[in-house]
There are 2 protein chains.
Amino acid sequence: MESLGETIRKRREDKELPLRTVAAYLDIDQAILSKIERGQRNANREQVIKLARFFNINETDLLVSWLSDKLVYEVRNEDMALKALQVAEEKVKYQKIKKL
Amino acid sequence: MESLGETIRKRREDKELPLRTVAAYLDIDQAILSKIERGQRNANREQVIKLARFFNINETDLLVSWLSDKLVYEVRNEDMALKALQVAEEKVKYQKIKKL
DNA sequence: TTCTGTTTTGAATGATTTTGTCAAAAATAC
DNA sequence: GTATTTTTGACAAAATCATTCAAAACAGAA
């Protein structure tokens with residue numbers, strides 16, 4: 001199960017592109033892209049969408065990867081991480097029903 | 001599936017206690033507690049632990065409720081909320097294995 | 001080794017978000 | 001009506017997060 005950072009680094013290295021090139025496309029400093037690839041910084045939604053376009057990745061898939069990274073980050077170091085995620089799932093499912 | 005706020009409001013109303021009393025125990029302004037109960041503010045870990053003690057709720061259960069609220073909040077307004085939570089689960093499970 | 005290009009790091013700065021305080025307004029009870 | 005409780009919003013302080021930049025670290029080639 002790959003993080004967004006791992007995914008785009010692989011893609012970039014496959015194409016043998018320097019950070020500079022991709023960073024320019026995203027209109028961000030290459031230092032930021034370096035950090036995003038290594039999970040030290042979070043991308044924002046706009047950047048994820050641009051990355052999907054740049055690397056021809058399904059946008060929704062990449063957004064899910066990005067969102068799930070954020071969730072994992074939120075429960076890092078928590079003993080009940082898994083339990084919390086499961087309960088959150090239930091809550092979201094329940095909300096959906098309520099909305100109908 | 002109850003939020004932490006709903007849980008503690010119910011408990012407080014059962015005991016017919018004003019916000020003031022519980023807020024004093026937590027050492028916070030009653031305005032904050034009012035917002036926590038209505039989900040407008042996030043409690044912090046320390047407050048959740050104190051709340052569990054105050055209302056005689058299992059601490060872990062309340063922490064899971066709190067954490068899952070935060071997760072739900074993180075994916076509010078997201079179409080792929082559920083998918084992201086499921087992927088996050090997988091990632092957490094996978095991390096666990098890696099750590100062994 | 002030196003040269004060249006790439007990547008990483010961290011300090012400094014700015015921007016944004018969060019947090020708490022307070023008092024007034026609104027709601028509720030008496 | 002008054003008294004009490006709850007909610008709201010403005011504001012300030014604190015904390016967090018994002019960005020820039022330059023220097024350091026790294027990798028490969030000559």
Side-chain angles (χ1 to χ4, degrees), chain A residues 2-51 54-55 62-63 65-78 84 88, chain B residues 2-51 54-55 62-63 65-78 84 88:
Chain A
E2 229 173 39
S3 71
L4 178 137
E6 289 166 346
T7 301
I8 64 175
R9 168 147 294 192
K10 272 191 190 165
R11 298 277 190 140
R12 185 174 63 79
E13 288 175 343
D14 280 352
K15 296 193 171 187
E16 296 186 352
L17 297 173
L19 287 167
R20 180 167 31 84
T21 308
V22 182
Y25 183 83
L26 300 181
D27 195 26
I28 59 174
D29 192 291
Q30 64 170 15
I32 296 177
L33 183 56
S34 168
K35 285 166 188 170
I36 290 173
E37 286 189 349
R38 283 168 306 112
Q40 288 186 7
R41 273 279 184 286
N42 237 39
N44 62 38
R45 178 184 306 270
E46 188 200 347
Q47 290 159 355
V48 175
I49 291 169
K50 281 188 183 171
L51 283 166
F54 188 88
F55 287 118
L62 205 60
L63 282 168
S65 177
W66 166 68
L67 256 183
S68 63
D69 280 354
K70 290 207 294 182
L71 294 172
V72 170
Y73 183 78
E74 185 97 16
V75 295
R76 75 196 179 286
N77 315 328
E78 296 285 353
Chain B
E2 229 173 38
S3 70
L4 177 136
E6 290 166 344
T7 302
I8 64 174
R9 169 147 294 191
K10 271 191 193 168
R11 298 277 190 141
R12 184 173 63 78
E13 289 175 344
D14 280 352
K15 296 193 172 187
E16 296 186 351
L17 297 172
L19 287 168
R20 179 166 30 84
T21 307
V22 181
Y25 183 83
L26 299 181
D27 195 27
I28 59 175
D29 193 290
Q30 64 170 17
I32 295 176
L33 183 56
S34 168
K35 285 166 187 168
I36 290 172
E37 286 188 348
R38 283 168 305 113
Q40 288 185 8
R41 271 282 216 288
N42 238 35
N44 63 37
R45 177 185 308 271
E46 188 199 349
Q47 289 159 354
V48 175
I49 291 169
K50 281 188 183 170
L51 283 166
F54 188 88
F55 288 117
L62 204 60
L63 282 167
S65 177
W66 167 67
L67 257 182
S68 62
D69 280 353
K70 290 207 293 181
L71 294 173
V72 170
Y73 183 80
E74 184 97 18
V75 295
R76 76 197 179 287
N77 314 328
E78 296 285 352

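In what follows, chains carry the letters A, B, and so on, assigned in the order in which the sequence lines appear, proteins first and then strands, with residues in each chain numbered from 1.
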Legend entry - Any residue meeting side chain to side chain contact (heavy atoms under 4.5 Å, CB included) with A/K10, in chain and number order, not counting sequence neighbours: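 A/K10: side chain to side chain contact (heavy atoms under 4.5 Å, CB included) contacts with A/E2.
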To the nearest Å, how far apart are [X] [atom1] and [N] [atom2]?
X	N	atom1	atom2	answer
B/Q30	C/dA23	CD	P	13 Å
B/K35	C/dT21	NZ	P	11 Å
B/E13	D/dT4	CD	P	20 Å

With a cut-off of less than 4.0 Å, is there a side-chain N or O of [X] near OP1 or OP2 of [N]?
X	N	result
A/R38	C/dT7	no
A/R41	D/dT20	no
B/Q40	D/dT8	yes

Legend entry - Position toward the 5' end of DNA chain C (nearest nucleotide), B/D29 or B/N42: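 The residue mapped nearer the 5' terminus is B/N42.
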Inset, instruction - Using modelled atom types only, decide if a donor and an acceptor are shared between the side chain of A/W66 and the backbone of A/V48 within a distance under 3.5 Å. - result: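 Not at all, since once roles are kept as given, no pair shorter than 3.5 Å links the two residues.
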Legend entry - Residue list, ring-ring contact (aromatic ring centres under 6.0 Å, His included) with B/Y25, at least two apart or on another chain: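 For B/Y25, the residues satisfying ring-ring contact (aromatic ring centres under 6.0 Å, His included) (neighbours in sequence not counted) are B/F54.
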Inset, instruction - Have a look at B/E37 and say if it touches a base, only the backbone sugar-phosphate, or nothing, with a 4.0 Å heavy-atom cut-off. - result: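 Touches nothing.
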Legend entry - Selection: residues 15-24 of chain A, any non-hydrogen atom under 4.0 Å of DNA chain D: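 Here the set is empty: none.
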Legend entry - Side-chain donor-acceptor contact under 3.5 Å, B/S34 with B/R38: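 Their side chains do contain a donor-acceptor pair, which is all the 3.5 Å distance test asks for.
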